[in-house]
Amino acid sequence: MKYLSTVSFIKKAAPEYWRITIVYAITVAVESVLPIIFFDQIASWSTGEGDWSLKRGIALCIAFFVISTGARIVMNQCIFAMDDCITKARSYVQRKLHRKLFAIDYETTENERFWRENQYILHMADTSKAGVGAMMQQLFKMHGLGVSLLFSWVMLIQIHNTGLWLLGMLILWHSIKKEIAVEREAVARQNVLDRSANYILDVVSSTQYAKEIRVLREWEILKRKLVSLFDKMTCLDSEVCRRKFTQRYFLEHILFFAFSLLYMYFVYKDSYLNKMNASSVFTAFFLLFTVGNTLFRLTESIMLFARNTGGIEGFSAYDHTEDHREPAVHDKDHSADGIEWDLKNISYCYPNRNEFALKNLNVQIRRGEKVAVVGLNGAGKSTLIKCMTGLYKNYTGCIVHNGNMIQSGDIDKNLGVLFQDAAAYPFTLEENVTAGDAAIDHSKAVQVLEQVGLMEKFRKEGVPLTECIDKLFSDTGIELSGGESKSKRLLLARLLYKNPDTILLDEPASSLDPGAQKKIMTLIMDLFQDKTVIVVTHRLEMLDQFERILVLENGSLAEDGKMEDLLKNKGRFCTLVDMQENRI
């Protein structure tokens with residue numbers, strides 16, 4: 001099944017691969033069998049069999065040299081062409097994976113189980129020495145060795161026909177199939193250990209943990225974990241090597257040794273009875289060594305091939321899933337009433353949780369309204385934003401935007417979103433602003449940077465918009481002076497460039513000091529005066545800039561109204577204000 005899946009995959013990824021493989025297999029067989037034929041002729045001449053002359057011997061040597069050299073040249077050309085096929089296949093896999101990954105629901109990306117189940121698929125195109133590259137290389141070798149082995153067996157059987165080899169091959173194949181299953185299990189265990197070790201190595205090299213590790217001497221626990229993981233890796237490697245030796249290498253050599261003894265016994269017996277000439281005996285002996293060497297190399301290639309085909313079937317199923325988007329479903333149009341958002345009985349429960357994060361939420365938001373969403377941690381604020389942006393789809397109820405249900409419409413075209421952990425890309429300043437567009441509008445990018453107050457600063461600092469803000473993609477990349485505040489302004493410029501109907505902000509300034517937060521919030525209100533702005537925030541002192549406040553508690557709407565009205569009601573909102581003022 002893995003082989004058939006691989007054949008189907010390669011036909012799509014690099015169709016010329018099979019033509020190259022056939023030519024390679026034939027040349028490998030020629031190069032493998034040609035010395036045996038030459039040896040048989042030399043043995044025949046040395047034992048005085050046949051009519052030989054000096055001219056015939058010289059012609060044989062020249063023919064052998066020319067054919068062997070030609071086969072070697074063709075083989076090398078096939079190997080170079082195969083490398084090109086691997087590059088094409090990796091590119092094919094990367095394009096397919098990236099297209100599918102971008103289309104995956106956000107809820108799926110939060111599911112650790114998804115990444116574990118698809119670990120083989122996601123690493124298929126990492127390097128030419130692993131995944132699809134290693135799989136194609138080993139398949140390439142397998143066909144060459146397989147054809148060479150077939151030719152050698154045919155010649156061996158012509159000298160003496162015995163069915164013992166078939167029994168040995170069946171026993172060996174059963175052993176290989178059993179080892180393949182165990183090998184895949186070992187690879188899965190190795191991947192788990194690698195992920196854990198890579199996490200610790202990332203922590204050690206990360207500036208995020210650097211201070212705690214050094215001041216609090218936290219390297220001790222990291223060192224213990226790392227040593228423990230390396231010990232497990234060593235044990236796993238030893239177990240795999242021991243199993244290879246005892247279950248395959250040992251069985252291979254014992255079977256081949258037993259077959260060789262029996263075969264040579266029959267050959268010598270026929271020779272003794274004058275049924276076979278001496279040159280055939282020498283050739284049979286030479287063929288046995290050739291068959292053994294080819295067989296051992298073939299079984300090793302089969303194992304390496306099986307080790308790297310873990311993602312093929314999953315990739316095929318993954319590739320055949322359709323990127324499906326329902327046609328827009330229309331609800332009652334509230335545009336005449338000025339209603340832009342209509343949330344009806346929204347409930348949401350996270351996977352493997354019993355409690356609902358949102359419970360029967362009903363909210364209407366008018367076009368151009370400035371709305372703040374507040375509440376304690378876990379009240380459902382960020383969950384609400386993720387449902388409104390279409391990131392979470394598995395909620396009950398319906399969310400309607402301008403008369404269209406967002407689950408089936410292109411809601412992302414009408415939204416500008418800035419999440420709490422949003423960050424600029426290590427690309428050019430211009431690319432950061434125009435990230436959502438296939439083509440860059442330079443004049444528009446300059447305009448929005450002027451609006452957020454960055455363009456003048458860039459001019460003073462002599463920073464062109466074509467400069468990267470990190471050295472990852474450019475050796476001349478720069479760091480944004482002004483730190484987090486300037487980065488937030490750059491992200492706001494991206495929202496302005498998109499010019500959406502609604503701006504959704506989830507704690508957009510939480511990492512800034514209170515003074516910078518107030519400036520950013522004021523800037524947001526000035527920039528998006530004519531837009532609907534919905535902001536999740538825990539900074540209650542800035543709520544006087546909003547026309548309306550939604551107070552969430554345990555996933556439900558506890559209060560809804562203007563700030564002065566909520567303060568008069570002495571309800572849940574007042575409790576939140578008191579808690580913040582008293583730092584409870």
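Just so you know, these numbers come straight off a predicted model, no measurement behind them.
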CD1/Ile385 to CG/Leu391 distance, rounded to the nearest 0.5 angstrom?
10.5 Å
Minimum side-chain heavy-atom gap Phe573-Leu567 below 4.5 Å
yes
Hey, what do you get for NE2 (His401) to CD1 (Ile365), rounding to the nearest 0.5 Å?
9.5 Å
Asn402 and Arg367, any side-chain heavy atoms less than 4.5 Å apart
yes
Atom pair SG/CG of Cys349 and Asn354 - distance to nearest 0.5 Å
7.0 Å
Got a second to check how far Lys381's NZ is from Leu376's CG, nearest 0.5 Å?
7.0 Å
Would you give the length of the straight line joining atom NZ of Lys359 to atom OG of Ser556, rounded to the nearest 0.5 angstrom?
5.5 Å
Among Thr502, Ile503, Leu496, which residue meets the side-chain contact (heavy atoms from CB on, under 4.5 Å) test with Pro500?
Ile503
After noting the C-alpha distance and the side-chain angles of Val448 and Leu527, does the key distance pass the side chain to side chain contact (heavy atoms under 4.5 Å, CB included) rule?
CA-CA 10 Å; Val448 296; Leu527 293 173; over 6 Å; no
Pair Tyr395, Thr383 - check side chain to side chain contact (heavy atoms under 4.5 Å, CB included), show working.
CA-CA 10 Å; Tyr395 54 80; Thr383 304; over 6 Å; no
Would you list the pairs meeting side-chain hydrogen bond (donor to acceptor under 3.5 Å, both in side chains) in which at least one residue belongs to residues 520-536, sequence neighbours left out?
Glu340-Thr532, Asn499-Lys531
Are Leu505 and Thr537 close enough that some pair of their side-chain heavy atoms sits under 4.5 Å apart?
no
Heavy atoms, side chains only, cut-off 4.5 Å: are Ile520 and Arg489 in contact?
yes
Neighbour count above 12 (heavy atom, 6.0 Å) for Glu355 CD
no
Which pair of non-hydrogen atoms, one from Leu576 and one from Val374, has the smallest distance, and what is that distance?
CD1-CG2, 4.1 Å
Main-chain N/O of Phe230 paired with Thr234 side-chain donor or acceptor, under 3.5 Å
yes
In the structure I gave you, are the side-chain heavy atoms of Glu559 and Ile549 within less than 4.5 Å of one another anywhere?
no
Taking atom types as modelled, is there a side-chain donor on Arg224 or Ser228 under 3.5 Å from an acceptor on the other?
no
Any side-chain heavy-atom pair of Arg548 and Val363 under 4.5 Å
yes
Met525 and Phe546: which non-hydrogen atoms are nearest, and at how many Å?
CE-CE2, 3.1 Å
For Asp506 and Val417: C-alpha separation, side-chain torsions, deciding distance, then whether side chain to side chain contact (heavy atoms under 4.5 Å, CB included) applies.
CA-CA 8 Å; Asp506 186 2; Val417 185; over 6 Å; no
Got a second to check how far Leu343's CG is from Asn360's CG, nearest 0.5 Å?
12.5 Å
Evaluate the side chain to side chain contact (heavy atoms under 4.5 Å, CB included) criterion for residues Asn345 and Thr396: first the C-alpha distance (whole Å), next the side-chain angles of each, then the deciding distance (0.1 Å), finally the verdict.
CA-CA 7 Å; Asn345 299 315; Thr396 59; over 6 Å; no
Taking the side chain as every heavy atom from C-beta outward, state whether Leu384 and Ile534 have any atom pair closer than 4.5 Å.
no
Donor-acceptor contact present, side-chain Asn432 to main-chain Tyr425, <3.5 Å
yes
Does anything in residues 350-372 form a ring-ring contact (aromatic ring centres under 6.0 Å, His included)? List the pairs, not counting sequence neighbours.
Tyr348-Tyr350, Tyr350-Tyr392
Quick one: closest heavy-atom pair of Cys574 and Leu566, and the distance?
SG-O, 3.8 Å
Looking only at non-hydrogen atoms, find the nearest pair between Val433 and Ala493 and report the distance.
CG1-O, 4.0 Å
What are the two closest non-hydrogen atoms of Val533 and Ile524, and how far apart are they?
CG1-CG2, 4.3 Å
Could you check whether atom NZ of Lys232 has more than 12 heavy atoms from other residues, nucleotides or ligands sitting under 6.0 Å from it?
no
Over all heavy atoms of both residues, which pair between Thr434 and Ala445 is shortest? Give the atoms and the distance, please.
CG2-CB, 4.1 Å
Does Leu465 reach the side chain of Leu449, with side-chain heavy atoms less than 4.5 Å apart?
yes
So, does Glu467 use its side chain to make a donor-acceptor pair with the main chain of Leu429 at under 3.5 Å?
no
Within a reach of under 6.0 Å around CZ of Phe419, are more than 12 heavy atoms found that belong to other residues, nucleotides or ligands?
yes
Contacts of Lys386 that satisfy salt bridge (charged side-chain N to carboxylate O under 4.0 Å, His left out) - sequence neighbours left out
Glu110
